[in-house]
Amino acid sequence: MPVAAGWRTVPSSHIITESIMSEWLSIKQARQSESIGQTVEVRGWVRTRRDSKGGFSFIEVNDGSCFGNLQIVADGSLPNYQTEIVTLSVGSSVVITGEIKASVGQGQATEMAASVVRVTGIASATDYPLQKKQHTFEKLREWAHLRPRTNTFGAVARVRNRLSYATHQFFQNDGFLYVHTPIITASDCEGAGQMFRVTTLPIDRLPMSNGKVDMSQDFFGKASYLTVSGQLEGETYATALGKIYTFGPTFRAENSNTSRHLSEFWMIEPEMAFYEIADNMTLAERYLKYMIQDVLSHCAEDMDFFEKRIQPGVTAALQLVLDKPFTRMTYTEAVEILMGCGEKFEYPVEWGIDLQAEHERFITEKHVQGPVILYNYPKQIKSFYMRLNDDGKTVAAMDVLVPGVGEIIGGSQREERLDVLTERMVESGLKTEDYWWYLDLRRFGTVPHAGFGLGLERMVQYTTGMANIRDVIPFPRSPGNCDF
RNA sequence: UCCCUUGUAGCUCAGUCGGCAGAGCAACGGACUGUUAAUCCGUGUGUCGGUGGUUCGAGCCCACCCGGGGGAGCCA
């Protein structure tokens with residue numbers, strides 16, 4: 001057990017003379033019945049205070065270690081009862097020493113009988129924005145610096161943390177190597193939408209040459225951008241070290257205003273040498289199931305909250321994902337189902353079109369009622385690096401669709417044949433010389449390989465049932481919004 | 001970017017036909033022998049998103065601008 005190392009809010013010169021009074025427990029520990037009988041210290045923020053008829057007060061304290069609060073019973077005989085305790089407002093920070101006891105009241109196993117209540121910081125009740133009631137998520141976005149103090153955002157933060165941890169566990173246990181791909185890149189990779197420009201040029205007086213901006217004078221001597229994917233760089237390490245994964249921030253300058261898109265988000269991209277499309281699907285399914293299992297077993301209290309207050313049925317849906325193998329379906333099969341289902345779609349279905357949200361939703365929510373892996377898409381609607389199938393018209397691409405969120409994973413087997421890849425690049429209007437290093441992977445010891453990308457925020461949405469992606473990342477960046 | 005919708009007290013919202021700006025919660029003051037969003041009594045709360053216009057008179061009507069939400073496209 002960690003021992004409080006003389007932590008105080010007094011000036012540091014005073015700390016040395018203070019003796020260690022009692023053990024510092026997290027609220028999570030203090031709420032467990034094994035802690036009954038101990039005299040300990042807890043530190044956190046006041047969630048609510050209720051004054052009782054008997055001349056004493058209940059203070060609920062939370063420190064983020066778990067969903068629940070610890071109920072503190074502060075007796076009227078405490079020296080600072082009238083001066084401080086009865087004025088304790090929501091959001092104030094406290095350090096409280098007392099004995100953990102079995103709770104007399106309903107709703108909690110333990111409570112603390114306070115012997116010392118120290119107030120480290122008052123949150124003025126008239127100024128503190130968070131009230132002891134529900135706020136809309138839209139309002140809480142305006143207070144993104146304070147929203148982690150609410151039940152919902154605390155729970156989201158813990159689930160997000162657990163999903164990140166589970167990601168590393170899963171890949172590390174499987175022998176994958178964590179590779180850091182660059183954030184700043186000079187290659188307009190994949191042509192995957194608009195990129196953020198990175199520059200040190202003065203925007204009010206750009207150096208011009210022949211009527212165009214002279215990029216040779218920029219920091220890197222050429223145009224550079226924030227990455228939209230670490231995939232191409234990831235492939236270089238996979239084709240040397242076998243199985244790798246990246247996990248980092250990704251940027252898209254698309255003017256997307258939806259509940260499923262961010263301008264800055266976190267992506268996990270495994271890339272595996274000697275993997276074919278079927279191996280890729282198996283890995284994606286194992287990975288998703290591992291994360292879900294991990295969250296269900298380690299964030300039970302938070303998941304109870306999401307089940308009761310955010311999206312009833314979310315835990316049963318996740319449990320179902322664990323129990324059932326993912327349905328695998330070719331694009332062609334999906335199109336046949338959509339054309340024969342009798343459903344009226346806004347966008348008509350025919351072979352060759354990119355599937356619309358309504359089509360994907362029908363497949364995953366109505367037809368399969370669970371996760372589905374669609375694969376072998378028409379080559380026209382997919383990227384140049386995806387491996388051309390023998391039929392000459394489809395590529396070995398795969399999307400994992402889940403109910404509610406839609407596409408959670410996109411991936412493919414990569415084109416390992418130099419001649420086919422070069423031809424596809426030319427078709428796509430890309431300059432092969434810009435990708436000389438990428439093509440080198442096919443020139444020197446080329447191997448079949450595959451990989452995929454998973455958007456962490458969409459995974460957090462899926463596991464928590466949170467409706468808007470802006471509420472599953474601490475500080476959301478979207479068009480027109482870069483506050484905090 | 002397009003379509004729809006919305007902006008009024010700290011928060012959630014009502015505001016009729018264009019005629020004095022109004023509820024709940026929070027806050028504040030008080031009461032109450034163990035409370036769980038405690039309860040009860042009392043008190044106050046305003047750049048009606050902004051700018052301009054119509055009108056004797058605009059929260060309400062008109063124009064433009066800004067922000068929020070939902071849907072679509074793009075994708076993860």
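All values below were derived from every heavy atom in this structure, side-chain atoms included, with hydrogens, water molecules and symmetry-related copies excluded. Labels below follow one simple rule: chain letters A, B, ... track the order of the sequence lines, proteins then strands, and each chain is numbered from 1. Source: prediction; values computed, not measured.
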Pick base, sugar-phosphate or nothing for Ser89(A), based on heavy-atom distances below 4.0 Å to the nucleic acid. nothing
Is the backbone of Asp174(A) close enough, under 3.5 Å, to the side chain of Lys243(A) for a donor and an acceptor to pair up by distance? yes
5′-ward residue of the pair Tyr128(A)/Ile408(A) relative to RNA chain B: Tyr128(A)
Separation of Leu88(A) atom CG from rA27(B) atom P, in whole Å? 13 Å
Please classify the nucleic acid contact of Thr126(A) as base, sugar-phosphate, or nothing, using heavy-atom distances under 4.0 Å. sugar-phosphate
Quiz question: by atom type and distance under 3.5 Å, do the side chains of Thr282(A) and Arg328(A) form a donor-acceptor pair? yes
Looking only at side chains, do Thr250(A) and Trp266(A) share a donor and an acceptor under 3.5 Å apart? no
With the sugar-phosphate defined as primed atoms, P, OP1 and OP2, and the base as all remaining atoms, what B/S/- string results for nucleotides 32-47 of chain B, 5' to 3', for protein heavy atoms under 4.0 Å? BSBBB-B---------
Go through the steps for Arg31(A) and Glu111(A) under the test salt bridge (charged side-chain N to carboxylate O under 4.0 Å, His left out), then give the verdict. CA-CA 7 Å; Arg31(A) 278 172 57 84; Glu111(A) 64 185 25; over 6 Å; no
Under a cut-off of 3.5 Å for both distances of each Watson-Crick or G-U pair, what dot-bracket string does RNA chain B give, using [ ] for crossing pairs and | for inter-strand pairs? (((((((..((((.....[..)))).(((((.......))))).....(((((..]....))))))))))))....
What integer number of Å spans the C1' atoms of rC65(B) and rG19(B)? 29 Å
My understanding is that only residues two or more places apart in sequence, or in another chain, count here; which of them pass ring pair (Phe, Tyr, Trp, His ring centres under 6.0 Å) with Phe251(A)? none
Using the P atom on both, measure rA23(B) against rU45(B) and round to a whole Å. 12 Å
Asn468(A) side chain N/O closer than 4.0 Å to the phosphate oxygens (OP1, OP2) of rG70(B)? yes
Under a 3.5 Å threshold, yes or no: a donor from one side chain and an acceptor from the other, between Tyr438(A) and Glu235(A)? yes
Closest to the side chain of Thr136(A), out of rC75(B), rU12(B), rA27(B), is rU12(B)
Rounded to whole angstrom units, what separation is found between the CZ atom of Arg252(A) and the P atom of rC74(B)? 14 Å
What's Ile409(A) touching, base or sugar-phosphate or nothing? Going by heavy atoms closer than 4.0 Å. sugar-phosphate
Taking the C1' atom of each, how far is rG18(B) from rU55(B), in whole Å? 9 Å
What is the distance, rounded to the nearest whole Å, between atom CG of Asn255(A) and atom C1' of rC75(B)? 14 Å
Ile353(A) atom CD1 is separated from rC74(B) atom P, nearest whole Å, by 10 Å
SB check Asp399(A) Lys382(A) (cutoff 4.0 Å): yes
Would you call His135(A) and Thr150(A) a side-chain contact if the rule is heavy atoms closer than 4.5 Å? no
What's the gap between rC25(B) and rG44(B) when it is taken at their C1' atoms, as a whole Å value? 15 Å
Under 4.0 Å between any heavy atoms, over every strand shown, what does Arg361(A) touch: base, sugar-phosphate, or nothing? Just pick one. sugar-phosphate
How many whole angstroms separate atom NE2 of His261(A) from atom P of rC75(B)? 8 Å
Ile469(A) side chain, from C-beta outward: closest of rA76(B), rG70(B), rA72(B): rA76(B)
What distance, rounded to whole Å, do you find between the two C1' atoms, one in rG69(B) and one in rC13(B)? 16 Å
Take atom C1' in rU16(B) and the same atom in rC11(B), then report the distance between them in whole Å. 26 Å
Glu271(A)/Arg414(A) salt bridge by N-O under 4.0 Å criterion: yes
Are Thr181(A) and Glu233(A) linked by a side-chain donor-acceptor pair shorter than 3.5 Å? no
How far does the C1' atom of rC20(B) sit from the matching atom of rG59(B), given to the nearest Å? 14 Å
Separation of the C1' atoms in rA38(B) and rC32(B), to the nearest angstrom: 11 Å
How many Å lie between CG on Asp127(A) and C1' on rG10(B), as a whole number? 10 Å
Could you tell me if Arg50(A) and Gln71(A) have a donor-acceptor pair between their side chains, going purely by distance under 3.5 Å? yes
In whole angstroms, how far is the C1' atom of rC74(B) from the CD atom of Gln356(A)? 10 Å
Any base atoms under 4.0 Å from His135(A), or only sugar-phosphate, or nothing? Heavy atoms, all strands. sugar-phosphate
Quick one: the side chain of Ser256(A) and the base of rC75(B), do they pair up donor-acceptor inside 3.5 Å? no
Please work out if Asp354(A) contacts a base, only the sugar-phosphate, or nothing of the nucleic acid, heavy-atom cut-off 4.0 Å. sugar-phosphate
For Arg470(A), report the nucleic acid contact type (base, sugar-phosphate, nothing); a contact means any heavy atom under 4.0 Å. sugar-phosphate
For Gly480(A) and Leu262(A), find the nucleotide of RNA chain B closest to each by heavy atoms; which residue's nucleotide sits nearer the 5' end? Gly480(A)
Would Ser229(A) and Glu269(A) count as having a side-chain donor-acceptor pair, cut-off 3.5 Å? yes
In whole angstrom, give the distance that lies between atom CE of Met466(A) and atom P of rG69(B). 13 Å
Scan Tyr347(A) against the nucleic acid and name what it touches under 4.0 Å (heavy atoms): base, sugar-phosphate only, or nothing. sugar-phosphate
Asn257(A) has its side chain closest, among rG69(B), rA72(B), rA76(B), to rA72(B)
